[in-house]
Amino acid sequence: MKFTKEVNNAKFVFTKDEIGYQEVLDDFRNTSYIFILTFNISENNDMLINQLKQVSDETTIEIFTNIPQRYEHYFSDRARKQARKKINVYLGRLDPEKYQSIVNTYYCFDNHSKIIMTNNVVYVGSANFSDESKNNLESGFIVYDKEFIAFIKNNIIPYLKVTIQPHHKVS
């Protein structure tokens, strides 16, 4: 499987000690749709989660995230307990009841992609939707190309929804 699309109206961003997709965050209040595809979210820091809590109650938010340290089988009680703790953190932080908007959360256990998008602008790059990513060297593209945004909405997101494995109980 491979999706490709040439892009116009884009710029490259390389960051350290700040969030490279700030332009997307700034658009959260101007959009009716937010899409987040990330490997992980912050477990303790609230800055980005709070950004989601401030959007209009009519905004639809779709979050696709992996849960790091989540495996099919665990070989020790310690690993199992650590994974259960992390899974519970994710379930709690992404609970749709905590948001005034329409939130749909999907757990995509083989995901490592990072896309943060509104109806107007998209970031595609290495940074997770986590406060900790601002401390790392990260790079990606900010794109305002409406055709590219539609491409993600019409191809990538439906693909994710069809291919996501159902949530498995931690054993």
Side-chain angles (χ1 to χ4, degrees), residues 1-68 89-90 92-96 98-108 110-161 163-164:
M1 178 279 309
K2 182 177 183 178
F3 292 98
T4 62
K5 175 80 172 126
E6 294 203 20
V7 178
N8 297 309
N9 198 11
K11 65 181 173 183
F12 176 73
V13 292
F14 183 84
T15 58
K16 170 81 171 117
D17 299 326
E18 62 184 280
I19 295 174
Y21 49 84
Q22 186 64 51
E23 291 171 64
V24 182
L25 297 176
D26 292 343
D27 195 50
F28 277 11
R29 293 185 186 178
N30 305 318
T31 190
S32 61
Y33 180 73
I34 297 170
F35 169 70
I36 298 168
L37 176 64
T38 186
F39 176 71
N40 69 355
I41 61 168
S42 295
E43 291 183 46
N44 301 310
N45 296 320
D46 294 328
M47 193 269 298
L48 291 173
I49 293 294
N50 287 339
Q51 295 272 330
L52 295 175
K53 291 179 178 178
Q54 296 175 15
V55 303
S56 163
D57 60 351
E58 297 176 12
T59 303
T60 299
I61 302 171
E62 293 191 294
I63 302 172
F64 293 77
T65 183
N66 199 326
I67 299 179
V89 165
Y90 273 63
R93 290 185 71 72
L94 299 176
D95 180 356
K98 292 185 176 182
Y99 302 88
Q100 63 184 14
S101 53
I102 303 160
V103 176
N104 299 299
T105 303
Y106 305 87
Y107 296 96
C108 186
D110 55 354
N111 177 57
H112 201 258
S113 294
K114 290 88 174 180
I115 300 173
I116 301 158
M117 181 176 88
T118 68
N119 288 329
N120 308 304
V121 59
V122 61
Y123 167 84
V124 178
S126 63
N128 286 299
F129 193 75
S130 71
D131 298 67
E132 295 81 11
S133 278
K134 72 180 177 184
N135 301 322
N136 299 331
L137 290 172
E138 304 283 4
S139 61
F141 288 88
I142 298 286
V143 183
Y144 287 92
D145 183 336
K146 295 289 186 184
E147 287 183 29
F148 182 64
I149 292 168
F151 171 79
I152 292 172
K153 273 186 158 179
N154 298 328
N155 295 280
I156 305 303
I157 295 169
Y159 173 79
L160 288 169
K161 288 180 179 179
T163 59
I164 290 179

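Fair warning: this is a prediction, and the values are worked out from it, not measured in the lab.
With sequence neighbours excluded, the residues forming a side-chain contact (heavy atoms from CB on, under 4.5 Å) with Ser101 are Val55, Thr59, Ile61, Tyr99, Val103, listed by chain and number. Residues satisfying the ring pair (Phe, Tyr, Trp, His ring centres under 6.0 Å) test with Tyr106, not counting sequence neighbours, are Phe64. Residues that satisfy the ring pair (Phe, Tyr, Trp, His ring centres under 6.0 Å) test with Phe141, not counting sequence neighbours, are Phe12. Lys146 meets the side-chain contact (heavy atoms from CB on, under 4.5 Å) test with Asn120; sequence neighbours excluded. In this structure Val13 satisfies the side-chain contact (heavy atoms from CB on, under 4.5 Å) test together with Tyr123, Ile142, sequence neighbours excluded. Contacts of Lys114 classified as side chain to side chain donor-acceptor pair (under 3.5 Å), with partners at least two apart in sequence or in another chain: His112. In this structure, the salt bridge (Lys or Arg N to Asp or Glu O under 4.0 Å) partners of Lys5, at least two apart in sequence or on a different chain, are Glu147. In this structure, the salt bridge (Lys or Arg N to Asp or Glu O under 4.0 Å) partners of Lys161, at least two apart in sequence or on a different chain, are Glu62. For Asn135, there are no side chain to side chain donor-acceptor pair (under 3.5 Å) partners two or more places apart in sequence or in a different chain.
Under the 4.5 Å side-chain criterion, counting only non-hydrogen atoms from C-beta, Met47 is in contact with Ile19.
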Carefully, step by step, assess Thr118 and Asn30 under the rule side-chain contact (heavy atoms from CB on, under 4.5 Å).
CA-CA 9 Å; Thr118 68; Asn30 305 318; over 6 Å; no
Stepwise side-chain contact (heavy atoms from CB on, under 4.5 Å) check, Thr60 with Asn104:
CA-CA 8 Å; Thr60 299; Asn104 299 299; 4.2 Å; yes
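Evaluation of the salt bridge (Lys or Arg N to Asp or Glu O under 4.0 Å) test over residues 118-133, restricted to residues two or more places apart or in two chains, returns none. Listed by first and then second residue, the salt bridge (Lys or Arg N to Asp or Glu O under 4.0 Å) pairs involving residues 22-46 are Lys11-Glu23, Glu43-Lys86, Asp46-Arg93 (not counting sequence neighbours).
Note: Phe35 CZ to Ile115 CD1 = 5.0 Å, rounded to the nearest 0.5 Å. Separation of atoms CG (Asn136) and OG (Ser130) is listed at 7.5 Å; rounding is to 0.5 Å. With values rounded to the nearest 0.5 angstrom, Asn128 atom CG is found 4.5 Å from Ser133 atom OG. Atoms CG and CD1, from Asn44 and Ile49 in turn, are 11.5 Å apart once rounded to the nearest 0.5 Å. The OG1 atom of Thr105 sits 8.5 Å away from atom CD1 of Ile41, with the distance rounded to the nearest 0.5 Å. Here the straight-line distance linking atom CD of Gln22 with atom OG1 of Thr15 works out to 11.0 Å at 0.5 Å rounding.
Looking only at distances, no side-chain donor or acceptor of Asn40 sits under 3.5 Å from a matching main-chain atom of Thr65.
In terms of heavy atoms, Phe39 sits closest to Asn66 at O-CB, 3.2 Å. Nearest heavy-atom pair across Phe129 and Tyr21 is CA-OH, 3.5 Å.
Applying side chain to side chain contact (heavy atoms under 4.5 Å, CB included) to Ile36 and the options Leu94, Leu52, Leu48 leaves one that passes, Leu52.
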N/O donor-acceptor pairs under 3.5 Å from side chains in residues 150-159, not counting sequence neighbours:
from	atom 1	to	atom 2	distance (Å)
Lys153	NZ	Asn119	OD1	2.6
Asn154	ND2	Ala150	O	3.1
Asn155	ND2	Phe151	O	3.0

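Using modelled atom types, one finds a donor on one side chain and an acceptor on the other under 3.5 Å when comparing Ser126 with Glu138.
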